[in-house]
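Everything numeric in this text was worked out from a predicted model, so none of it was measured. We're numbering straight along the sequence, starting at 1. One-based numbering, in listed order, for ligands and for the atoms of each.
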Amino acid sequence: MKVKEAYDKWSESYDSTGNKTRDLEKKVARKILSNYEFDNVIELGCGTGKNTGWLAERSKSVKAIDFSSEMLKIAGAKLNLPNVEFMLADISQKWNIENGFADLIVCSLTLEHISNLNFIFSEGYRTLKENGKFYVCELHPFKQYGGTKANFSLDGNKIELETYTHHFSDYVNAALKNGFTLSEVGEWFDEKDDQSPPRLISFIFKK
Ligand SMILES: C[S@@+](CC[C@H](N)C(=O)[O-])C[C@H]1O[C@@H](n2cnc3c(N)ncnc32)[C@H](O)[C@@H]1O
């Protein structure tokens, strides 16, 4: 099953089934991004809007992009906000956003489905203002090495999505190559379990 089709099918249960990765990232995004101020935001892979409303409350405008029409439908039904523009688009193709639009780009749990990180950071650099920040939070590569992939249950079957393993160096080198500097790295563990591999890795890159 292609990634887009899988998310179309997952959309109905995405918010309602247990998902430690989703829940931890929600906390991490709020913890990190509360330290920053931003007016115009681009959210890559907004899904059902877990972070979109929170971003919209703190900014003038959010362009929330996703290529799954079903995920967007749920986000749109939950969040009828005048300062959010939902965009149905594939982020691995040129973004329909003007140069220097944003002060913040947010990308949560999406880059594991993108093979070419270089393109994402190149478009990120183009669409950010000088001094703009790019927040990335993904399943930690250590988890990926252990075989963990985005997955959901459909009619009693476990569906694993197509993913790419991105090493720590892949994120950092793709960002540096496109002109970013690295401001922050975080590694995030399941509650009361800092002896197992971390679940998430986060970055703040600065233009
Ligand atoms: C695991 S969900 C994360 C959603 C949300 N960011 C969150 O943290 O709950 C990944 C999202 O990325 C979207 N996605 C994956 N590949 C994409 C692509 N190439 N272009 C646009 N959206 C994509 C999927 O449709 C899905 O909604």
J.: If you look only at distance, which donor and acceptor atoms sit under 3.5 Å apart when one is on a side chain in residues 80-89 and the other is two or more places apart or in another chain?
T.:
from  : atom 1 : to    : atom 2 : distance (Å)
Asn83 : ND2    : Ala56 : O      : 2.9
Asn83 : ND2    : Ser59 : O      : 3.2
Glu85 : OE1    : Lys63 : NZ     : 2.9

J.: Within a distance under 4.0 Å of any heavy atom of Ala89, pick out the atoms of ligand 1 and give their elements.
T.: 20 (N), 21 (C)

J.: Side chain or backbone of Cys46 under 4.0 Å from ligand 1, or both, or neither, by non-hydrogen atoms?
T.: backbone

J.: I need the nearest protein heavy-atom contact for atom 19 (N) of ligand 1: residue, atom name and distance, please.
T.: Asp90 OD1, 2.8 Å

J.: With atom 4 (C) of ligand 1 as the reference point, say which of Gly49, Gly45, Ala29 has the nearest heavy atom.
T.: Gly45

J.: Enumerate the atoms of ligand 1 whose separation from the nearest heavy atom of Leu109 is less than 4.0 angstrom.
T.: 1 (C), 2 (S), 3 (C), 8 (O), 10 (C)

J.: Does the ring center of Phe152 lie less than 6.0 Å from the ring center of Tyr14?
T.: no

J.: Is it the side chain, the backbone, both or neither of Ile114 that has a heavy atom closer than 4.0 Å to ligand 1?
T.: side chain

J.: Check step by step if side-chain hydrogen bond (donor to acceptor under 3.5 Å, both in side chains) holds for Asn51 and Glu25.
T.: CA-CA 9 Å; Asn51 293 335; Glu25 198 286 325; 3.0 Å; yes

J.: Among all the protein's non-hydrogen atoms, which is closest to atom 1 (C) of ligand 1, and how far away is it?
T.: Tyr7 OH, 3.0 Å

J.: Please check if the distance between the ring centroids of Phe134 and Phe121 is under 6.0 Å.
T.: yes

J.: Are Lys133 and Tyr36 in a cation-pi contact, defined as NZ or CZ under 6.0 Å from the six-membered ring centre and within 45° of the axis?
T.: no

J.: Using modelled atom types and a 3.5 Å cut-off, is there a donor and acceptor pairing between side-chain atoms of Arg126 and backbone atoms of Ser122?
T.: no

J.: Of all the atoms in ligand 1, which lie at a distance below 4.0 Å from a heavy atom belonging to Met71?
T.: 27 (O)

J.: Nearest to atom 9 (O) of ligand 1, what protein heavy atom do you find, and at what distance?
T.: Tyr14 OH, 2.8 Å

J.: Among protein heavy atoms, which lies nearest atom 20 (N) of ligand 1, and at what distance?
T.: Ile91 N, 2.9 Å

J.: Which atom pairs, one a donor and one an acceptor, fall under 3.5 Å between side chains of residues 156-169 and the rest of the protein, sequence neighbours left out?
T.:
from   : atom 1 : to     : atom 2 : distance (Å)
His166 : NE2    : Leu111 : O      : 2.9
His166 : NE2    : Ile114 : O      : 2.7
His167 : ND1    : Tyr145 : OH     : 2.8

J.: Is it true that Arg22 and Asp15 make a salt bridge, defined as a side-chain N closer than 4.0 Å to a carboxylate O?
T.: no

J.: Under a 4.0 angstrom heavy-atom cut-off, which atoms of ligand 1 come close to Gly47?
T.: 4 (C), 27 (O)

J.: Looking only at N/O atoms, are Asp66 and ligand 1 under 3.5 Å apart anywhere?
T.: yes

J.: Can you confirm whether the side chains of Ser92 and Asp90 place a donor and an acceptor under 3.5 Å from each other?
T.: yes

J.: Give me the nearest non-hydrogen protein atom to atom 22 (N) of ligand 1 as residue plus atom name, then the distance to 0.1 Å.
T.: Phe67 N, 3.2 Å

J.: Does ligand 1 come near enough to Thr110 that some N or O of the ligand is less than 3.5 Å from an N or O of the residue?
T.: yes

J.: Hydrogens and angles aside, do Ser202 and Trp188 bring a side-chain donor and acceptor to less than 3.5 Å of each other?
T.: yes

J.: Using a plain distance cutoff, I'd like to know if Lys50 has any nitrogen or oxygen under 3.5 Å from a nitrogen or oxygen of ligand 1.
T.: yes

J.: Evaluate His113 for polar contact with ligand 1, using N/O atom pairs at a separation under 3.5 Å.
T.: no

